[in-house]
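Structure first, commentary second.
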Number of protein chains: 2
Amino acid sequence: MSSTVVKALMLLEHFSEDEPELGLSELARRSGVDKAAVHRMLGAMAETGLVEQQADSRLYRLGAGVLRLARVRETAFPISSIVQPILDTLSAETGETAHASLISGRALANIATCESKKGSRVSLIAGEVLPYHSTASGLAVLAFGGDALLQRVLSTSLEAKTRFTVTEASELGARVDVTREKGFSESDQTNEEDVHGIAAPVFDRTGMACGAVSVSTPSHRMTEVQRDLTIGAVLRAGSAITDGLGGQRPRSYADLIAPLMTGS
Amino acid sequence: MSSTVVKALMLLEHFSEDEPELGLSELARRSGVDKAAVHRMLGAMAETGLVEQQADSRLYRLGAGVLRLARVRETAFPISSIVQPILDTLSAETGETAHASLISGRALANIATCESKKGSRVSLIAGEVLPYHSTASGLAVLAFGGDALLQRVLSTSLEAKTRFTVTEASELGARVDVTREKGFSESDQTNEEDVHGIAAPVFDRTGMACGAVSVSTPSHRMTEVQRDLTIGAVLRAGSAITDGLGGQRPRSYADLIAPLMTGS
DNA sequence: CACCAGTGTTGATAATATAACACCGATAGG
DNA sequence: CCTATCGGTGTTATATTATCAACACTGGTG
């Protein structure tokens, strides 16, 4: 069912900002894969520089190869450099943390962020993988990313990240419909406690959503005024990023959000 | 002998700044792997977001996953951000193109560059993979990266990149010895025509070389004066990077290069 | 229009790399 | 000194993968 390559690459998901170095046994435990298999996979990935092993502690971490690959991609398709300034203004306009993510296989990859300047803010782990079903960004992508993607996600089991997470396919489908009608998505504490998210889709040049831009606000601070302000700002940012990437908004979507994109 | 994971990841080496998008057949041809196998491997890597397939043209390119991974690594171990300013001053001091690379599996990965401002300059492809045996950076790493690495490289077949490339293991060993005695490495047109390189090793905290910093000068422009200037600047840059990464120079090496690090 | 050369994709079967298990030496703590 | 970790290693049955061929499709050409 699942190829060894996928299994090996899934191991990389366990490296995070908080735990950038992991031991063999630890990694085997978390991934639920046999220790010997993990050892072989890490060895294979080390050969190509995707991971590297500390000589002394024997811990593994992401290798220099990922930097090289990112450079190749970013040089050819400068996404991050286009997105970052837009996120900065989005964060400034709303006063909250903004981030952008792109479709990356079976999940969303957070590729750029701008944290709020406030002391109390939503702080997210760099390079986190965001599930489609529990985040505002995910909803935005599901709503405008085509039926194939939506069906695939609906047919998977939806993990409950908090007590508010939608775990029923039918209800998730309903939320996607709402998102499609409104032109933006909204989620309250479905991925993390006390985090409210508002997101807008980003389109590629075929008119399909390829990612999303989102603003995360502490739930207790979210007011009606703040909400309206954020929706307009997020939609403008989404459009700006779509344009920056050479993407194309579907006509119906452009008409839909036009009245909402008030403000400067 | 060779695992499927390695074979799959080797496919990624064929993506470059010049050719960021490749078709299935093209990739199969270059890698010498069966088309069907390449198809399955790319599919597997697409599942995890390491590559992505254009919906319309069906071409493959590096995916958003690599950006995410690079963010995780760079947040935890901010190498690029430490190296870049040092490269900038190195390039300013020498007037030529400077770059830094790290050990990445079986080769060196170029992770940061600063191009010369001159019209005639050495321009290198972003994210290029540098062979150990044909580059000044490679020599520097081989000389100070431990015997295990050196033996492994010496036992492989050395591809002739130009008519000056060293392809005999014995001669390469001799050049490594010279490098070890001098404290820096030098190569003239061994990797590319009309490119002269001078490189210094970068050490990790165990005192082993983990990478190198190098200045590439058009061969015809390399004079005695320029050479002395460059050697001092490269050695200073190497030391600065080693310090910035929390690395540790071996005592013997520090004594060796001390008299050469003249200038500011 | 038929043809051709190219593409991406999919099955079938045979070959082989892989998963699983127990095991090893080393290290650290009680 | 015993126990519980750790990283790493063999070995064999098994499941995945490589290989080959054929497929449907495209765009260009006679």
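Residue numbering restarts at 1 for every chain, and letters A, B, ... go by the order of the sequence lines.
For the pair H39(B) and dG8(C), the criterion of a side-chain N or O lying under 4.0 Å from OP1 or OP2 is not met. Here T4(B) reaches the OP1 or OP2 of dT18(C): one of its side-chain N or O atoms lies under 4.0 Å away. Distances shorter than 4.0 Å separate none of the side-chain N or O atoms of R58(B) from OP1 or OP2 on dT7(C). Applying the 4.0 Å criterion to OP1 and OP2 of dG8(C), one finds that Q54(B) has every side-chain N and O outside that range. The phosphate of dG8(D) (OP1 or OP2) has a side-chain N or O of Y60(A) nearer than 4.0 angstrom. Residue S3(B) has no polar side-chain atom (N or O) positioned under 4.0 Å from OP1 or OP2 of dA17(C). For dT7(C), one of the phosphate oxygens OP1 or OP2 lies less than 4.0 angstrom from a side-chain nitrogen or oxygen of R29(B).
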Collect all protein-nucleotide pairs involving nucleotides 24-28 of chain D in which both atoms are nitrogen or oxygen and the distance is under 3.5 Å.
none

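Taking 4.5 Å as the limit, some side-chain heavy atom of L139(A) sits within range of a side-chain heavy atom of L172(A).
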task = Show your working on salt bridge (Lys or Arg N to Asp or Glu O under 4.0 Å) between E13(B) and R30(B) and close with a plain yes or no.
result = CA-CA 10 Å; E13(B) 316 239 325; R30(B) 300 199 185 195; over 6 Å; no
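Look at CE on M10(B): it is 13 Å from P on dA18(D), rounded to the nearest Å.
Overall bending of the helix from dC1(C)-dG30(D) to dG30(C)-dC1(D), expressed as the angle between end axes built from five pairs apiece, is 30° (10° steps).
A 6.0 Å sphere centred on CD of Q54(B) holds more than 12 heavy atoms belonging to other residues, nucleotides or ligands.
Salt bridge status for R163(B) with E193(B): present, with a side-chain N to carboxylate O gap under 4.0 Å.
Looking only at atom types and distance, the side chain of T206(A) has a donor-acceptor partner in the side chain of D204(A) under 3.5 Å away.
In this structure, Q53(B) reaches the sugar-phosphate backbone alone: every heavy-atom distance under 4.0 Å involves primed, P, OP1 or OP2 atoms, never a base.
Checking dG11(C), dT18(C), dG8(C) against every side-chain atom of A36(B), the shortest atom distance belongs to dG11(C).
Across the interface with DNA chain D, nearest-nucleotide mapping of E26(A) and K7(A) shows E26(A) to be the residue nearer the 5′ end.
Take D243(B) and apply the side chain to side chain donor-acceptor pair (under 3.5 Å) test, not counting sequence neighbours, and it matches R249(B).
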